[in-house]
Amino acid sequence: MILAYFSCKEICVYRLILSSVLATFISFGLSGCKEDEKLVVATAAEFPPFEFKEGSEYKGVDMDISKEIAKRLGKELEIKDMEFDSVMSAVSSGNADFAASGLTINETRLKVADFTKPYYNANQVVVIKSENAELKAVKNNAEALIDAISKKNGIKIGVQTSTTGAFFAKGDKDWGFVGFPNAEVKSFVNGSLAISALVNGQVDLVILDEAPAKLISKANAGTEVLPITLTQEQYGVAVKKGNKELLDSINGALEAMEKDGTLESIMQKYFK
């Protein structure tokens, strides 16, 4: 036998080396498999009813959609929770496979990521204190409401950082928003903090997506959402620019969910 030419000490060393090499290959292979079987979604879980946490569990429209997408693609879902202004960069940098976080599809975001077909129609609304008789008197007309806000010099507007509401209030050419140059716009990490600032008198009104605005306002006595929509938007799932294979796969899952009623069931679950 070949081993007869080596001492016991040498044989032990070779065995250790061989074991180490095998362990490395096995570990690499197993981790590779796990990575292949996993889909990572980036989200900011402080945006009910689209993403939020109950204890350690992630819930909401986007989270249920993400779980269903992963299931239909035969993958395990990993949720990465972060601040909203980091969500798009997580996708564009490859730190997440896709993003589902109440993301409005627009030209600015399409420069850094690709989007699926829309799955939800959204809009921006104004949240005020119930005692604000002046803005409550404005009838169902977005132009009249914008004009009323524009006439108040030094008005303080609360927004969630990097959201459509923030761009609407500050103004942005790429988004096509004029903004309120007369206003002081204060940014908050999430909508709940913005409306808390409204309650505490730090801001005079908040501009936020309608669905979360209604939920958060309901939880904060003395506030209400005006029945006027400022924008018309659509939410989509974002993937890294050029990742057509994943984009097509997620679009296929969304289309199947729409056809078999799963998408509608998810919406009804959170909007009933």
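As a basis for the values below, the full set of heavy atoms in this structure was taken, side chains included, without hydrogen atoms, waters or symmetry mates.
- Interatomic distance, CD1 of Ile250 versus CG of Leu73, reported as 7.0 Å (0.5 Å rounding).
- Among all heavy-atom pairs drawn from Tyr119 and Met267, the shortest one is O-CE, 3.4 Å.
- Side chains of Ile266 and Met257 form a contact here, defined as non-hydrogen atoms less than 4.5 Å apart.
- Ser217 places no side-chain N or O within 3.5 Å of a backbone atom of Lys214 that could act as its donor or acceptor partner.
- Of all heavy-atom pairs spanning Gln234 and Pro118, the tightest one is OE1-CG, 3.4 Å.
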Do Lys152 and Glu134 pass the side-chain contact (heavy atoms from CB on, under 4.5 Å) test, and can you show the C-alpha distance, the side-chain angles, and the key distance before you say yes or no?
CA-CA 11 Å; Lys152 299 184 74 65; Glu134 184 179 353; 3.3 Å; yes

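- With contacts defined as side-chain heavy-atom distances shorter than 4.5 Å, the pair Phe271/Pro49 qualifies.
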What verdict does the side-chain contact (heavy atoms from CB on, under 4.5 Å) test give for Thr116 and Phe98, after you've listed the backbone C-alpha separation in whole Å, the side-chain angles of each residue and the deciding distance to 0.1 Å?
CA-CA 10 Å; Thr116 62; Phe98 68 99; over 6 Å; no

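- No side-chain donor-acceptor contact under 3.5 Å links Glu76 to the backbone of Glu37.
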side-chain contact (heavy atoms from CB on, under 4.5 Å) between Ile65 and Leu254: does it pass, once the steps are laid out?
CA-CA 8 Å; Ile65 287 175; Leu254 287 172; 3.9 Å; yes

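- Nearest heavy-atom pair across Ala44 and Val87 is N-CG2, 4.1 Å.
- Leu77 CG to Asp97 CG: the interatomic distance, rounded to the nearest 0.5 Å, is 9.5 Å.
- The neighbour count for Glu258 CD, taken as heavy atoms of other residues, nucleotides or ligands under 6.0 Å away, does not exceed 12.
- Inter-residue side-chain proximity for Ile146 and Phe180 is flagged as met; some heavy-atom pair is nearer than 4.5 Å.
- Counting all heavy atoms, side chain and backbone alike, Ser101 lies closest to Ala42 at CB-O, 4.4 Å.
- Both Tyr120 and Val41 are members of a single hydrophobic cluster when ILVMFWY side chains are connected at heavy-atom separations under 4.5 Å.
- For the atom pair CD of Glu57 and CD1 of Ile79, the computed distance is 9.0 Å after rounding to the nearest 0.5 Å.
- Here the side chain of Lys80 pairs no donor or acceptor atom with the backbone of Ala90 at under 3.5 angstrom.
- Note on Val225 and Ile216: same hydrophobic cluster, where clusters join Ile, Leu, Val, Met, Phe, Trp and Tyr whose side-chain heavy atoms are under 4.5 Å apart, directly or indirectly.
- Side-chain contact check for Phe188 versus Val206: every heavy-atom pair is 4.5 Å or farther apart.
- A distance of 6.5 Å separates CG in Leu39 from CG in Leu246, rounded to the nearest 0.5 Å.
- A donor-acceptor pair is defined here as one N or O able to donate and one able to accept, closer than 3.5 Å; no such pair exists between the side chain of Ser162 and the backbone of Phe84.
- Just one residue in the list Asn123, Val127, Leu215, Leu230 forms a side chain to side chain contact (heavy atoms under 4.5 Å, CB included) with Glu210, and that residue is Asn123.
- Within the 3.5 Å criterion, the main-chain N or O of Ala113 finds no donor-acceptor partner in the side chain of Ser92.
- Side chains of Phe168 and Thr231 form a contact here, defined as non-hydrogen atoms less than 4.5 Å apart.
- The pair Lys111-Glu107 fails the salt-bridge criterion, with no side-chain N (NZ, NE, NH1 or NH2) lying under 4.0 Å from an Asp/Glu carboxylate O.
- Under 4.0 Å is where a charged nitrogen must lie from a carboxylate oxygen, and between Lys259 and Glu255 no such pair does.
- In this structure, the side chains of Asn141 and Ile228 stay at 4.5 Å or more apart for every pair of heavy atoms.
- The minimum heavy-atom distance between Asn106 and Trp175, with the atom names listed, is ND2-CH2, 2.9 Å.
- Residue-environment remark: NZ (Lys67) exceeds the threshold of 12 foreign heavy atoms within 6.0 Å.
- Once rounded to the nearest 0.5 Å, the distance linking NZ of Lys75 with OG of Ser249 reads 8.5 Å.
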Check against side-chain contact (heavy atoms from CB on, under 4.5 Å), Leu198 and Lys129
CA-CA 7 Å; Leu198 173 65; Lys129 281 188 174 181; 4.1 Å; yes

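- Of the candidates Thr104, Asp62, Asp209, Tyr235 forms a side-chain hydrogen bond (donor to acceptor under 3.5 Å, both in side chains) with just one, namely Asp209.
- Under the 3.5 Å distance criterion, the side-chain polar atoms of Asp204 are matched with a main-chain donor or acceptor of Lys156.
- The hydrophobic cluster containing Val159 also contains Val126, counting ILVMFWY residues as joined when their side-chain heavy atoms lie under 4.5 angstrom apart, directly or transitively.
- Leu226 places none of its side-chain heavy atoms less than 4.5 Å from the side chain of Leu205.
- Note: the hydrophobic cluster containing Ile69 also contains Tyr270 (ILVMFWY, side chain heavy atoms under 4.5 Å, direct or indirect links).
- Lys53 and Asp81 are not joined by a salt bridge, as no carboxylate oxygen comes within less than 4.0 angstrom of a charged side-chain nitrogen.
- Annotation for Lys218: atom NZ does not count as buried by contact number, only 12 or fewer foreign heavy atoms lying within 6.0 Å.
- Taking the side chain as every heavy atom from C-beta outward, Glu83 and Thr161 never approach each other to under 4.5 Å.
- Note: the hydrophobic cluster containing Val239 does not contain Met82 (ILVMFWY, side chain heavy atoms under 4.5 Å, direct or indirect links).
- The side-chain hydrogen bond (donor to acceptor under 3.5 Å, both in side chains) test with Asp114 singles out one residue from Arg109, Lys240, Lys241, and that residue is Lys241.
- Nearest heavy-atom pair, Ser187 versus Lys170, reported as atom, atom and distance to 0.1 Å: OG-NZ, 3.2 Å.
- Note: Ile157 CD1 to Ile149 CD1 = 6.0 Å, rounded to the nearest 0.5 Å.
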